[in-house]
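In what follows, a structure is listed as structure tokens, so that the remarks can point back to it.
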Amino acid sequence: MIDLTDYSPNQRKAITSIDKHLRIIACAGSGKTTTVAGKVAYLLDPKNDFNVSPENIIAFTFTEKAAAELKTKVLENVGHFRGMANMYTGTIHGWCLKALQENEYLYQSYSVLDEIKLKLFIDKHYDSIGMKEISKLSNPSVPLRRFVDTSLFVKIMDIIRESDNNNLPTNLQLAKKKYEAKLKENKFFDFSMILEKALENLESKTNLFSNIQSNLKYLIVDEYQDINPIQNKLIQKLQHISNCNLIVVGDDDQNIYQWRGSNNKYIINFEKNFSENSVQSIPLSENYRSSPGITKIAETLISNNKERIPNKQMLSAEKQNFERGKDILYNRYESVEEENRAIAQYINDIIGVPFTDGNGTRGLAFSDISILLRTWNKAESIVQALEDHNIPYITAGVNQLFDTPEIEAALGIFSFLYSDIDEEELELKWVSLPNNSLNKRNLQKAIENLKEKFPNLPSVDKNWEYSLQKIFWDFIYTSEAFEEAFIIETSNALFERTKERAEIMFFNFGKFSQVISDFEEINFNSSSPRFHLFSFLSFVNYVARDYYPEGWLNNPYKTPNAVQIMTIHQSKGLEFPVVILPGLNKNYLPAKKRGGLNEWHFLDRQLIVDQQRYERDPDKEDERRLLYVALTRSKKYLLLTQAPDLNNRLYKIESEYIQELNRARDGVFPVMISDKKFRFSNETKITPQPQEKVNNIALDFTTLKDIFDCPYRFKLVSVFGFRYPLNQRMGVGRSFHNCLMELHKRGKNGEIFNTEELQDLIDRQIHFPYLTNSIKLQEPLRKKVEKNVIEYHKDNHYDFEHIEFIEQDIQYKLDENILVLGRIDLIKKIKSNGQHETIIIEFKSDEENADLPITRDQLKLYALGHRELTGETADYIMTYVIGENKVKTPEKLYPEDLQEIEDKIRKSVNFIWSENFLKTNDFKKCNSCYQVRLCSRSINKEIKVRK
DNA sequence: GATCGCAATTTTTTT
DNA sequence: AATTGCGATC
């Protein structure tokens, strides 16, 4: 399976030593992920006969992105039909959530609030959520304020739940209790609560406990230097319960998340947790990424830190050569303007310089260059300079979404409804959008329609389904403001430009749709239309404005050839041929400690163990590590610049770290200081060629279905990100689904249900998140689910013993960079005529058209995943339509079906790669497509748009 | 050269 | 609210 000679001696040692706990100290660029993937493959290799199967291994990563990378690498090393879907690879949070939902029936109906929705939720319940319980230490009569101090409250709740703390005072205990009770009442988790509850669950002899005890053999934790106390507790707990081998991987010099409580003491003192002979530490000191110049300069800097693993080193494997006086430059300028101009100049000069790596020699392109920032407020002036020099760039942190004309126009719809602006102003916002060919009559029609939604109209006032999302979608539909309306149809370059601009515009509309969705998921129907509108506008103005980054980036389906601007934190784990590090001033890097009201004015420092980790350390070791991370991102070229900021007194003096870099001048100092003699403009150039980026994508069935039906719908939903309007009836399908899941799990264990137990089960699983003030709907919806579950139980309970899998995760690696993911509702194995027959079952609610060929596609896809999991091919597929409760005959599955669906997926993915988002010609599909109202097809007379 | 007062300025982000 | 830089003052 894997060839051990592909690895360095120490990598090999890390892969093959499997008896002891292992600490792998992996320096930057040391092939960490490759080694971990190799280790997993080695453990699973049947030839080695270690008796390890995928469900015996858990691998924690820091981010989902890192998880996807590791998953792909592992699958490259492991063959087919090995049940890899049963190995968990993902974040700690992801694991805890899955563990809770699979083992505790109560948590199946919970959903997780991200930061923005959590804040909305807290503000909505300000009076009862415990915020008032916390007041200023210096003045107990001043409690945390609604809206203003919500972030502080979130921080405090996180700190007291994720840190090791001493006995909390009663007010904090009460606040925590109220906070968690409120979340629970609404079936929400926040991120900390997932960890807390999972840990709690492991304290007693639960299903989860015995599951871990009997299954877990190897626990891999990546980025171990960034672990915080509660995560550490969880890892320890898992180890104690299962007595598994612990493999921790990380680099203490790259601990940069300490303000979240992460602590590199865990990796530094790892060995002390275990008896002497049971633990081994292996350094991966060879850096395959960077030139000796880069490793030298980085080593020099970090050696000033005291709190680190002793006797560490990083050696360049010399995959890149080092040319002194050219590769690494440190230039100083008179002003920031001059500095930025010089950066733009440097970029233009270095484009086309020959660059050689494992894939041969090519000319450097824009996408090889990254500008790394300590803080975002540095970005604006740099962006300006790049624009002046016509340099393409992408950036993810400059908040200008709400300043774009399209978002101002979209927001205008709601300002108009709230009577902040009049009809003319709204119309003006839309007709002055760039490149638009909007029809004025349609626009006026859309505005006329809006007038029926004024919140002060008596008819509207009583409407509990006042959906801002629907108003937004209807406006686009009626005004016919489709993507094409912003493209100028000419045959020259202008056409291409307007096409691109229209795409960005719709991407931003999609983002706006998400803003509405985030708001309405928390506040749907909770107040009168007028107040709903008012809260939304306040949310946009006070919260959303600096929360949602602007559009056309972070787009997994499109990687433009452009300079990447990001923070040093975001660059963790990435690498670039060219790294530019501007603004090396005091107070910027190291950053100045932030002033202002903070959580420690409300939370006594004494209560928290290792409290100082949350604030900047006096030795500035944290910031030094940050610079270290930045330096080690570079493969070869590094430009450091400094200039006094004439407009800001804080940023005038050179960073103290420059002197530390300077101290390495032992005759081989690699930096050329300040003489600006070297210019790439004199170098020979070849054709710039962006590195072929292998974009791994994971597709689930919902996404595939969009592409199958209509690639343009995929674009609207997955590329642009439009969100469907919410309605009160939502939750019926999921409630029923969750009831069946519990029923099946317990039924499989031989449990028999009486009426009362069945009722309990239903009560526990029923959840209609958007149903509030209107009581009228509550009962009918409830009855509907109840009736269906009871009938289903009556018709099927005799068969529960034949269940083989419930809610089984599947994954199928279609080719190098396509991973298909899914979850099968139910798999039964029935013995008939002395032979076992496997049936894959999917439940569909009666609103969905279960007979469509698309459902058969879904089942075939699941059969593919099932084969990957078990090595067997299922015999039948079957759809069970909820509500009809008609037992349908299973359909025979043929081997050709699997081949057919594979080809179909391949074809679809090619659509995505070629960015060919064609609209379907099958008008029947348009008739059943809700998104058609965002699409120019809706003008077609043959197409009926559903109400 | 030390000290004081005053005005200007003030992060990082994943789950 | 805290930190910083800088000019005024001792």
Side-chain angles (χ1 to χ4, degrees), chain A residues 60-67 90-98 100 111-119 136-139 142 148-149 151-152 154-155 157-159 161-162 188-198 222-223 225-228 230-231 234 254-262 372-379 396-397 399 546-549 554 566-573 583 585-602 613-618 620 622-627 629-630 644-653:
Chain A
F60 288 150
T61 59
F62 192 65
T63 60
E64 289 298 344
K65 201 174 150 225
T91 61
I92 297 189
H93 288 85
W95 182 82
C96 289
L97 182 64
K98 190 168 134 84
L100 285 173
S111 47
V112 183
L113 293 180
D114 61 20
E115 192 186 314
I116 193 88
K117 281 185 261 187
L118 181 62
K119 280 187 193 165
K136 246 188 186 166
L137 297 171
S138 61
N139 182 359
V142 183
V148 196
D149 298 328
S151 307
L152 288 180
V154 172
K155 274 191 195 149
M157 286 296 117
D158 281 348
I159 293 171
R161 291 177 307 152
E162 297 213 358
F188 285 132
F189 279 132
D190 73 350
F191 293 122
S192 305
M193 202 165 142
I194 303 174
L195 302 187
E196 238 190 347
K197 291 292 160 201
D222 194 11
E223 305 282 7
Q225 77 280 357
D226 279 318
I227 287 297
N228 73 16
I230 195 172
Q231 293 169 333
L234 189 93
Q254 294 189 56
N255 164 263
I256 54 172
Y257 284 89
Q258 59 298 118
W259 36 268
R260 269 167 42 191
S262 87
L372 302 184
L373 309 170
R374 171 70 251 254
T375 66
W376 274 117
N377 47 24
K378 188 101 189 77
N399 294 306
D546 39 36
Y547 188 85
Y548 295 89
N554 280 348
M566 64 182 85
T567 63
I568 300 174
H569 284 91
Q570 289 172 323
S571 74
K572 180 178 177 174
N585 283 319
K586 191 181 169 191
N587 291 332
Y588 171 77
L589 186 68
K592 170 184 159 327
K593 197 178 163 188
R594 193 178 192 240
L597 195 63
N598 67 40
E599 57 272 34
W600 306 110
H601 294 113
F602 296 85
R613 299 231 30 99
Y614 288 89
E615 296 182 275
R616 209 190 61 181
D617 66 324
K620 295 171 185 167
D622 296 332
E623 296 286 313
R624 196 178 282 113
R625 282 194 292 268
L626 217 37
L627 178 53
V629 168
D645 187 333
L646 303 179
N647 305 317
N648 193 325
R649 307 186 307 161
L650 287 173
Y651 311 127
K652 290 205 184 300
I653 306 169

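Quantities reported herein were computed from a predicted structural model and do not represent experimental measurements. Letters go in sequence order (proteins before strands), and every chain restarts at 1.
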Quick test of your reading of the model: are A/Asp190 and A/Arg161 salt-bridged, counting only N-O distances below 4.0 Å? yes
Closest nucleotide of DNA chain C for A/Lys620 versus for A/Leu597: which of these residues is on the 5' side? A/Leu597
Its contact letters, B for base, S for sugar-phosphate only and - for none at protein heavy atoms under 4.0 Å, make nucleotides 8-15 of chain B read SSBBBBBB
Look at A/Arg374 together with A/Glu623 and state whether they make a salt bridge at an N to O cut-off of under 4.0 Å. yes
Given side chains that start at C-beta, do those of A/Asp622 and A/Ile256 come closer than 4.5 Å, heavy atoms only? no
Can you pull the contact range of chain A along DNA chain C, 5' to 3', using atoms under 4.0 angstrom from its heavy atoms? C/dA1 to C/dC6
Once side-chain hydrogen bond (donor to acceptor under 3.5 Å, both in side chains) is applied, do any residues pair with A/Ser571, and if so which ones, sequence neighbours excluded? none
Rounded distance in Å between the P positions of C/dG5 and B/dT11: 15 Å
Once you apply a heavy-atom cut-off of 4.0 Å, does A/Lys572 come out as touching a base, just sugar-phosphate, or nothing? nothing
Any donor-acceptor pair under 3.5 Å linking the side-chain atoms of A/Asn255 with those of A/Arg625? yes
I want to know whether A/Trp259 and A/Tyr257 have ring centres closer than 6.0 Å. yes
Check every strand shown and say whether A/Asn598 touches a base, only sugar-phosphate, or nothing at a heavy-atom separation below 4.0 Å. nothing
Kindly indicate whether a cation-pi arrangement holds for A/Lys592 with A/Tyr651, taking the cut-offs as under 6.0 Å to the six-membered ring centre and within 45° of the axis. no
Side chains of A/Ser192 and A/Asp158 only: does a donor on one sit below 3.5 Å from an acceptor on the other? yes
